[in-house]
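For reference, positions follow the sequence shown, starting with 1. In listed order, ligands and their atoms are each counted from 1. This one's a predicted model, so the numbers in the text were calculated from it and none came from an experiment.
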Amino acid sequence: MARLDGKVAIITGGAGGIGAATAELFVAEGAAVVLVDIDASALKDVSEAIRTRVPAARVLDLEIDVGQEASAAAIVERTLAAFGKIDILVNNAGIRAYEPLDAAKAETWSKILSVNLLSYAYLAREALPSLRSSQKGAIVNVSSTHAFNPRGGMGQYDVAKAGIISMTKTLAFEEADRGVRVNAVCPGLTLTPFHVRRFAPEGKTEQDLRTERTDHNIQRRWADPREVAWPILWLASDEASFMTASVIMADGGTRV
Ligand SMILES: NC(=O)c1ccc[n+]([C@@H]2O[C@H](COP(=O)([O-])OP(=O)(O)OC[C@H]3O[C@@H](n4cnc5c(N)ncnc54)[C@H](O)[C@@H]3O)[C@@H](O)[C@H]2O)c1
């Protein structure tokens, strides 16, 4: 019996590095997955790759902007139409901005808070009735090591990530008696396509990044997205049945 046999999971940001790695593990462990992402072409690539590896995979792609409140209800409706229930919600979509607070624009604040924080709250709200019916419902919110280790230059992002921790705990308390567990995973430096693109102008290849020594964490390296996906999988599974309101730091021992 696989860890997620018969379960239905929604993963936002499912076309990105951590989301795609999570989707692959979930499918391998028997879940049907709904991949939600704004990037249609990456979404197609990820779902095709999963179907190639697991021909019987149950995968639904939804090209939707989670930054709009109305998207949450649409995602839940389309998931229920396709698979009839929701057992797991992985809130993972995220965007970055590099503005020091003395130059932080209202437009950037609004966008970051909409995608990185409010989408998590709205999707949880809309999915809760189904998650409660599941009786073993689980929400895993992807935050960041920088929720606890804020730095200069990414204040809007770090504030949103800290908000996710607070929201995770509030929701865990509110849902404890209704059978829904709510936890967070805080990745550190993880080698995703976003970072590969970000460092390309400096002449660094993916292989360079994979082997470089970094001062970001005490393991002195980048994580592979799977190393973040494993704790997400575990928290979503029934093996973590006594875990709620918890935060797992998947950050290689980050120091700031
Ligand atoms: N990679 C890291 O080093 C790292 C570190 C700490 C935290 N995180 C967090 O992990 C999560 C996943 O990050 P990743 O590195 O895989 O990033 P990524 O950029 O590869 O993936 C994020 C995905 O979210 C999607 N997305 C962005 N805005 C969206 C929107 N409005 N609607 C729907 N989808 C949208 C993107 O298209 C992308 O596919 C994010 O929340 C990120 O903040 C990543």
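To the nearest 0.5 Å, atom CD1 of residue I86 and atom OG of residue S134 are 10.0 Å apart.
Listed by chain and number, residues touching ligand 1 at under 4.0 Å (heavy atoms only) are G13, A15, G16, G17, I18, D37, I38, D39, I64, D65, V66, G67, N92, A93, G94, I95, R96, V115, Y120, V142, S143, S144, Y157, K161, P187, G188, L189, T190, T192, F194, H195.
More than 12 heavy atoms of other residues, nucleotides or ligands sit less than 6.0 Å from atom NZ of K85. Residue-environment remark: CZ (F173) stays at or below the threshold of 12 foreign heavy atoms within 6.0 Å.
Applying the salt bridge (Lys or Arg N to Asp or Glu O under 4.0 Å) rule to pairs touching residues 178-195 yields E175-R178, sequence neighbours excluded.
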Distance-only donor-acceptor hits, side chain of residues 192-203, under 3.5 Å, sequence neighbours excluded:
residue	atom	partner	partner atom	Å
H195	ND1	R198	NE	3.4

Donor-acceptor pairs under 3.5 Å, side chain of residues 23-36 to any protein atom, not counting sequence neighbours: which ones?
residue	atom	partner	partner atom	Å
E24	OE2	R53	NH2	2.5
E29	OE1	R3	N	2.8
E29	OE2	R3	NH1	3.3

